[in-house]
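Read the structure below first, then the notes.
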There are 2 protein chains.
Amino acid sequence: MTEDGGYGQFCPVAKAAEILATRWTLLILREMICGSSRFNEIHRGVPLMPRALLSKRLKELQAAGVLEQNPPDGTRSGGYRLTAAGEELRPIIISMGIWGQRWVESAADGPDWDAGVLMWDMHRRIDTSLLGDGRTVLQFEYGDAPEEMRLWWLLIETGNVDLCVSDPGFAVDLYVLADVQTMARIWIGKDSLARAVDEEDIVLHGDADMRRKFSRVLQLSPIVEASKQSSRLQPF
Amino acid sequence: MTEDGGYGQFCPVAKAAEILATRWTLLILREMICGSSRFNEIHRGVPLMPRALLSKRLKELQAAGVLEQNPPDGTRSGGYRLTAAGEELRPIIISMGIWGQRWVESAADGPDWDAGVLMWDMHRRIDTSLLGDGRTVLQFEYGDAPEEMRLWWLLIETGNVDLCVSDPGFAVDLYVLADVQTMARIWIGKDSLARAVDEEDIVLHGDADMRRKFSRVLQLSPIVEASKQSSRLQPF
DNA sequence: CAGTATCCGATGCGATACTG
DNA sequence: CAGTATCGCATCGGATACTG
């Protein structure tokens with residue numbers, strides 16, 4: 001009778017909120033903005049979200065004109081892409097990230113973070129141009145993570161970065177040992193890699209050249225990059 | 001067990017979304033941004049929201065550091081105000097409004113809008129400096145609204161604007177007749193007052209001087225003002 | 001005015017299992 | 001890989017009544 005989840009208001013903020021202010025929706029858009037396009041890619045960014053609900057949200061966002069489906073290539077679905085309307089949410093969502101980082105207590109102190117989400121985020125921010133043509137393997141070990149989340153590998157080959165949850169078997173160029181919290185704080189710019197290495201909150205070992213390059217190979221969260229230029233984001 | 005409504009992620013967008021992406025929350029903040037501060041003022045901006053839920057949300061927003069309570073003045077509560085963190089949401093919420101206006105289909109075509117919310121919004125945007133020291137009364141009649149929402153009065157006196165739902169009894173300076181949709185479209189900048197008057201979608205009658213001044217006395221939604229300068233809002 | 005208390009019905013959400 | 005189907009429950013939402 002009162003229809004779906006609307007607010008019954010003409011105010012454009014209400015209209016935007018009807019689309020954006022439902023659970024998980026902003027995180028799906030963050031995933032898309034960060035470069036995911038396929039169903040399972042998106043889901044890796046929000047692993048705690050029920051797949052059925054992800055499916056539902058993707059439909060809603062299509063109906064709202066924020067996403068559309070790519071034409072299927074051959075047999076499998078072509079994934080999703082942002083429409084022009086969706087692209088214009090990019091600065092808004094990034095602004096929300098900057099705000100969250102600046103103001104939300106415990107934005108970097110949560111107890112139960114998912115190392116998988118962190119690794120999935122990080123694997124998209126490897127600057128492959130600094131690595132040679134050959135294969136590079138980085139191994140991450142999180143001392144505070146549960147058994148099945150302790151070890152991760154980034155396998156970098158011909159400009160492509162794969163995230164592995166089991167040992168890919170190749171020689172490891174760099175071992176990274178840290179707590180999830182430490183790594184996450186660095187990732188979102190709340191801590192510096194240099195400091196963490198100095199104080200041995202992070203231990204790097206392996207190829208000496210790779211150890212030196214690591215701070216440039218692993219770029220930080222897009223939010224951190226954006227917030228460096230965020231003076232432009234406070235126009236009012 | 002999975003705690004409250006969190007996402008279990010360190011991403012700052014997720015942290016912001018935990019606070020902002022719950023039902024009604026963005027509309028409460030919009031009300032605060034537009035100048036409401038007391039409980040019942042805020043509620044007039046979201047009349048369909050259960051008061052108990054508004055109370056709960058206000059507590060959540062205080063816990064999140066977005067709002068705080070003003071010290072009670074005398075016997076009654078002092079209402080609420082945005083903290084510094086809350087103030088920094090202003091450009092984000094206005095951006096969402098601009099986005100909603102630009103992209104949401106039917107942002108100006110809803111069937112069941114609330115004339116009360118429209119009037120409540122508009123009463124805050126009367127430029128009292130254009131009116132003399134005496135009393136000014138504007139009467140609005142919405143032909144398409146249900147009986148109890150048809151007639152509204154703005155009573156302007158010594159720079160103060162009161163919204164009345166029953167005839168205040170004073171002489172009316174200007175009568176405004178329109179449909180809620182027409183008025184709402186003008187209010188959010190999707191239609192122009194001049195056009196609507198020309199084509200008699202709106203009929204003004206009463207004091208000739210007041211008829212002439214009306215387009216300047218009634219300022220438009222803050223979203224419209226903001227979107228005129230919105231080139232600054234697309235920094236990425 | 002500024003909320004709180006309670007009850008009840010609808011549904012959004014999460015968990016699990018299943019399919020082409 | 002890319003989703004669907006089903007089910008139970010917690011939360012939301014509406015109504016009503018009550019308090020300082």
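By convention in this document, chain letters (A, B, ...) are assigned in the order of the sequence lines, proteins followed by strands, and residues within each chain are numbered from 1. Hydrogens, waters and symmetry mates are skipped; everything else that's a heavy atom, side chains included, is used.
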Under 4.0 Å: is that the gap between some side-chain N or O of A:Lys56 and OP1 or OP2 of D:dA2?
no
Where the side chain of B:Arg38 is concerned, which of D:dC12, D:dC1, C:dC1 is the nearest nucleotide?
C:dC1
Nucleotide paired to D:dG20 in any strand shown, Watson-Crick or G-U, under 3.5 Å
C:dC1
Is NZ or CZ of B:Arg185 both nearer than 6.0 Å to the six-membered ring centre of A:Phe10 and within 45° of the ring axis?
no
Check this for me: does any side-chain nitrogen of one of B:Glu41 and B:Arg124 sit under 4.0 Å from a carboxylate oxygen of the other?
no
Within the structure shown, what part of the strands sits under 4.0 Å from B:Leu48 by heavy-atom distance: base, sugar-phosphate, or nothing?
sugar-phosphate
Does A:Ser55 have a side-chain nitrogen or oxygen under 4.0 Å from the phosphate oxygens OP1 or OP2 of D:dT4?
yes
From the list C:dA15, D:dG3, D:dG14, which nucleotide is the closest neighbour of the side chain of A:Ala52?
C:dA15
So what's C:dG12 paired with, Watson-Crick or G-U wobble, going by both distances under 3.5 Å?
D:dC9
Where the side chain of A:Asn40 is concerned, which of D:dA2, D:dC12, C:dA15 is the nearest nucleotide?
D:dA2
Which nucleotide, D:dC12, C:dG14, C:dG3, lies nearest any side-chain atom of A:Arg23?
C:dG14
Report yes if a side-chain nitrogen or oxygen of B:Trp24 is closer than 4.0 Å to either non-bridging phosphate oxygen (OP1 or OP2) of D:dC12; otherwise report no.
no
Can you tell me how far P of D:dT4 sits from CG of A:Leu54, to the nearest Å?
10 Å
Could you check whether the side chain of A:Arg51 and the base of D:dA2 have a donor-acceptor pair of N or O atoms closer than 3.5 Å, going by distance alone?
yes
